[in-house]
There are 2 protein chains.
Amino acid sequence: MKQNSPTSASRNYHHGDLYPSLLHAATEMIAEGGTDSLSMRKLADRVGVSRTAPYHHFKDKNALLCAIAEQGFERVEKLLDEIRTKAATEQQTALFSEYVHTYIEQAYENREQYDLMFGREIWRNGVATASLQKISHQHFKSWLSWIESLCNQGFINSGDSPLRTAQVCWATLHGLCRLLNDGIYTEQSSMSQIVDSAVNMMFKP
Amino acid sequence: MKQNSPTSASRNYHHGDLYPSLLHAATEMIAEGGTDSLSMRKLADRVGVSRTAPYHHFKDKNALLCAIAEQGFERVEKLLDEIRTKAATEQQTALFSEYVHTYIEQAYENREQYDLMFGREIWRNGVATASLQKISHQHFKSWLSWIESLCNQGFINSGDSPLRTAQVCWATLHGLCRLLNDGIYTEQSSMSQIVDSAVNMMFKP
DNA sequence: GCGATATTTTGACACTGTCAAGATTGATTG
DNA sequence: CAATCAATCTTGACAGTGTCAAAATATCGC
């Protein structure tokens with residue numbers, strides 16, 4: 001009474017592909033209806049599996065959220081790498097501006113994921129997965145390294161150490177994302193101008 | 001069989017002082033154990049009243065959270081007023097720096113409330129109470145007015161309009177608060193230096 | 001004192017995360 | 001090929017959640 005292909009994700013007892021399916025479906029769900037609308041049970045339902053099946057692949061709901069956040073860090077890390085390698089010495093400031101714009105756009109397009117990446121539910125009280133901690137620290141190092149080189153080349157001269165500069169610039173970037181994502185800066189049309197203004201404040205003459 | 005004083009908050013059927021009691025207890029609870037640890041039922045328990053009693057004073061759990069957030073806005077508005085009125089023309093930049101430092105300290109001391117003031121749970125999807133919307137908009141106007149006067153006096157010259165300047169500066173301030181509150185900038189010791197660095201970037205020479 | 005009104009309670013429902021025990025399968029041996 | 005084992009999935013259960021409806025109780029204006 002065996003079905004046909006063993007590795008096909010059919011309606012068998014063993015799903016065979018559950019981990020990635022869960023991750024994919026969960027990411028979809030939070031993108032559609034917000035993080036609050038994601039419940040382990042509805043997720044299991046959506047994937048066509050029983051309530052507690054996901055617990056064999058994610059220790060917790062928290063672990064699942066961490067995994068989603070991780071994907072977000074992978075995306076921004078990739079973005080940063082791509083833009084940095086484009087850098088011909090001249091257009092560095094233009095590329096930096098492009099990065100900031102793109103970063104904010106992506107944060108807005110993936111609001112809920114961005115919220116997981118930096119929001120309180122994960123980082124508070126140290127419940128972040130080890131691998132999530134690793135990739136996020138790695139990403140800040142990449143950012144710092146970029147700011148450092150921009151400082152050394154004289155594009156940014158804040159009068160402070162590159163570390164402090166990187167921290168403040170990131171705070172600005174992050175603050176813009178949050179105000180946009182949380183619906184406080186609602187007119188997305190003017191957002192682009194605000195971002196330009198922010199970049200100008202970083203590259204002081 | 002009547003108890004003694006009618007308005008005393010004793011163990012009567014009518015609590016007599018429920019609204020402020022709820023607000024107070026709720027604020028305490030989120031300060032102690034985070035917003036997630038606040039449930040309507042535990043709150044009712046704490047105040048010594050039945051599960052659904054709070055629903056006659058707050059339409060929703062959301063309405064309760066909005067009320068807590070409102071108190072936060074009242075506090076920062078008061079802070080801004082106090083510091084601005086101290087302004088002798090000379091020490092304006094020092095006062096601004098003091099405001100920023102204090103703002104961030106207060107945001108950290110009332111982390112959970114700050115989260116409610118700007119976090120997704122309230123502002124997303126327009127679930128903010130009318131009065132909460134009012135007081136928060138009012139506060140941004142105060143901030144804008146201050147930045148405007150600082151621009152006019154030449155303390156800040158970002159080369160952009162005061163509105164854009166106010167938006168970007170607020171984003172920086174807010175971003176620092178979030179990174180600190182969400183446990184991403186963990187070393188609170190270096191926070192003060194980061195804030196100084198941020199203020200320096202706003203007051204460019 | 002009486003009725004209207006405001007306040008509080010009890011009961012109920014659907015939903016949540018997650019643990020423990022059992023069922024089913026695919027892979028690994030002998 | 002048959003038997004064992006570990007991985008995977010399911011069913012049952014429990015305590016906790018927000019919130020609605022109906023009933024109970026107190027306070028206030030007359």
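Each chain gets a letter, A, B and so on, in the order the sequences are listed, and its residues count up from 1.
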S.K.: Heavy-atom nearest nucleotide on DNA chain C for A/Tyr55 versus B/Thr52: which residue maps closer to 5'?
M.R.: B/Thr52
S.K.: Any ion pair linking A/Glu32 and A/Arg46 (charged N to carboxylate O, less than 4.0 Å)?
M.R.: yes
S.K.: Tell me the interatomic distance from B/Asp45, atom CG, to D/dG16, atom P, rounded to whole angstroms.
M.R.: 11 Å
S.K.: Bend angle of the helix from C/dG1-D/dC30 to C/dG30-D/dC1 from five-pair axes at both ends, rounded to 10°?
M.R.: 10°
S.K.: Whole angstroms only, please: what is the CZ-C1' distance between B/Arg51 and D/dT19?
M.R.: 11 Å
S.K.: Which nucleotide in the set D/dC20, C/dT18, C/dT7 lies at the smallest distance from any side-chain heavy atom of A/Lys61?
M.R.: C/dT18
S.K.: Rounding to a whole Å, what distance do you find between A/Leu22:CG and D/dT8:P?
M.R.: 12 Å
S.K.: CG of A/Asp17 versus C1' of D/dT8: gap in Å, rounded?
M.R.: 14 Å
S.K.: Send over the distance from A/Asp36 CG to D/dT17 P, rounded to a whole Å.
M.R.: 16 Å
S.K.: Using a distance-only test with no angle check, is there a side-chain donor-acceptor pair under 3.5 angstrom linking A/Tyr114 and A/His174?
M.R.: yes
S.K.: Starting from C1' on C/dT16, measure out to CG on A/Leu65 and report it in whole angstrom.
M.R.: 14 Å
S.K.: Which nucleotide sits closest to the side chain of A/Met40: D/dC9, C/dT8, C/dG17?
M.R.: C/dG17
S.K.: So, does A/Ser39 get its side chain near the phosphate of C/dG17, meaning an N or O under 4.0 Å from OP1 or OP2?
M.R.: yes
S.K.: Is the phosphate of C/dC15, meaning OP1 or OP2, less than 4.0 Å from a side-chain N or O of A/Lys42?
M.R.: no
S.K.: Consider the side chain of B/His57, meaning its heavy atoms from C-beta on, and name the nucleotide among D/dT17, C/dT8, D/dT8 that approaches it most closely.
M.R.: C/dT8
S.K.: Taking for each residue the nucleotide of DNA chain C bearing the nearest heavy atom, is the 5' side occupied by A/His56 or by A/Arg41?
M.R.: A/Arg41
S.K.: Please determine, by modelled atom types, if B/Glu77 and B/Ser142 share a side-chain donor-acceptor pair under 3.5 angstrom.
M.R.: yes
S.K.: Considering only heavy atoms from C-beta outward, does the side chain of A/Leu80 approach that of A/Val76 to under 4.5 Å?
M.R.: no
S.K.: Side chain of B/Asp60 only, heavy atoms from C-beta on: which candidate in C/dT18, D/dT19, C/dT8 is closest?
M.R.: D/dT19
S.K.: Tell me: CG of B/Leu38 to P of D/dT19, nearest whole Å?
M.R.: 11 Å
S.K.: Between C1' on C/dT25 and CG on A/Leu18, what's the gap in Å once rounded to a whole number?
M.R.: 14 Å
S.K.: Which part of the nucleic acid does A/Lys59 contact within heavy-atom distance under 4.0 Å: base, sugar-phosphate only, or nothing?
M.R.: nothing
S.K.: Which of the following nucleotides, D/dC9, D/dT11, C/dT9, is nearest to the side chain of B/Val49?
M.R.: C/dT9
S.K.: Can you name the residues that form a ring-ring contact (aromatic ring centres under 6.0 Å, His included) with A/Tyr55, not counting sequence neighbours?
M.R.: none
S.K.: Using a 6.0 Å distance limit plus a 45 degree cone around the ring axis, check whether B/Arg75 lies over the aromatic ring of B/Phe73.
M.R.: no
S.K.: Considering residues at least two apart in sequence or located in another chain, which fulfil the side-chain contact (heavy atoms from CB on, under 4.5 Å) criterion with A/Asp182?
M.R.: A/Asp115, A/Arg178, A/Ile184, B/Arg120, B/Arg124, B/Arg178
S.K.: Scan A/Ser50 against the nucleic acid and name what it touches under 4.0 Å (heavy atoms): base, sugar-phosphate only, or nothing.
M.R.: base
S.K.: Run the side chain to side chain contact (heavy atoms under 4.5 Å, CB included) test on B/Ser149 and B/Gln153 for me, step by step, so that the C-alpha distance in whole Å, both residues' side-chain angles and the decisive distance to 0.1 Å come before the verdict.
M.R.: CA-CA 6 Å; B/Ser149 91; B/Gln153 297 176 266; 3.8 Å; yes
